[in-house]
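So the structure is just underneath, and the comments pick up after that.
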Amino acid sequence: MDDPVKIKMPASYAGAQAIGFSDTEGYISLINPQNPLPVVIAGGGLAPSPTGSVPAPPALRGETAQSMQSASFEPAPDRPVVLTLSGEWTGSVTIRRSGDGGATFHNLTAGGSSWGVYTANACEPFWQEPVSGAQLALFIQIDSGTLSYEVAQ
């Protein structure tokens with residue numbers, strides 16, 4: 001194999017380090033511009049998909065002083081979804097997921113435990129959806145005050 005990495009030093013000794021990965025035959029394949037590390041980049045303004053890059057969906061934003069279910073948010077696959085809750089309010093916000101176009105929604109769980117239930121202001125990534133077409137919605141229970149919310153990627 002012709003080594004595309006050339007090291008030239010004024011001294012007769014140079015310690016070198018290289019990064020590589022296993023090729024299809026099980027040999028080390030050095031990383032270089034013609035042979036980049038085989039990775040998928042997620043995040044930023046676009047998400048990877050089998051058909052190319054998918055733009056981030058419009059953010060779901062609103063404000064309420066009453067209990068309600070938000071409109072659905074369809075996240076681009078394989079990107080973090082960020083929830084922002086703000087305002088002077090008491091109550092709870094439960095995030096639920098639908099895989100059937102919004103006909104039924106299920107509570108989120110992680111390791112079998114409840115996930116995605118908030119009782120205070122927050123700003124954090126809470127989910128990364130692997131399935132194209134799945135939907136998320138906020139089920140909001142307001143006891144008092146006004147809640148502002150945003151779900152975005």
key: E88 atom CD: more than 12 heavy-atom contacts under 6.0 Å   = no
key: Evaluation steps, side-chain contact (heavy atoms from CB on, under 4.5 Å), between V93 and V117   = CA-CA 6 Å; V93 175; V117 179; over 6 Å; no
Approximate separation, where rounding is to 0.5 Å, of I142 CD1 and M68 CE = 9.5 Å
key: Side chains of V81 and R79 in contact at under 4.5 Å (non-hydrogen atoms)   = no
task = State, yes or no, whether a side-chain contact exists between D78 and P130 at a heavy-atom distance under 4.5 Å.
result = yes
inquiry  = Please check: side-chain N/O of W115 versus main-chain N/O of F126, any donor-acceptor pairing under 3.5 Å?
reply    = yes
Steps toward side-chain contact (heavy atoms from CB on, under 4.5 Å) verdict (I95, Y118) = CA-CA 9 Å; I95 303 162; Y118 296 85; 3.7 Å; yes
request  = Determine whether L136 and F105 make a side-chain contact, defined as any pair of heavy atoms from C-beta on separated by less than 4.5 Å.
outcome  = no
query = Under the 3.5 angstrom rule, does the side chain of Q153 hit a backbone N or O of A76 as a donor-acceptor pair?
reply = yes
remark   = Per side-chain contact (heavy atoms from CB on, under 4.5 Å), W127 is matched among V151, L108, V82 by L108
Rounded distance (nearest 0.5 Å) linking atom CZ of R96 with atom OG of S70 = 11.0 Å
request  = Considering only NZ, NE, NH1 and NH2 on the basic side and carboxylate oxygens on the acidic side, decide whether E129 and R97 come within less than 4.0 Å.
outcome  = yes
task = Would you give the length of the straight line joining atom CD of E150 to atom CZ of R61, rounded to the nearest 0.5 angstrom?
result = 4.0 Å
N121 and W89: CA distance, side-chain angles, deciding distance, side-chain contact (heavy atoms from CB on, under 4.5 Å) verdict = CA-CA 9 Å; N121 290 338; W89 62 283; 2.7 Å; yes
message = When you compare the side chain of T94 with that of L138, does any pair of heavy atoms fall below 4.5 Å?
response = no
task = Decide yes or no on side-chain contact (heavy atoms from CB on, under 4.5 Å) for Y149 and L60, but give the supporting numbers first.
result = CA-CA 8 Å; Y149 60 88; L60 170 65; 4.3 Å; yes
request  = Verify the distance criterion only: is there a donor paired with an acceptor across the side chains of Q135 and S98 at less than 3.5 Å?
outcome  = no
remark   = What one should report as the nearest heavy-atom pair of E74 and G133 is OE2-CA, 3.5 Å
ask   = Where the side chain of T146 meets the backbone of A65, is there a donor-acceptor pair that is under 3.5 Å apart?
value = no
inquiry  = Between Q141 and S92, is there a side-chain donor-acceptor contact under 3.5 Å, judged purely by atom types and distance?
reply    = no
inquiry  = To the closest 0.5 Å, what do you measure between CD (E124) and CG (L85)?
reply    = 8.5 Å
request  = Provide the closest heavy-atom pair for F73 versus A59 in the form atom of the first, atom of the second, distance.
outcome  = CE1-CA, 4.3 Å
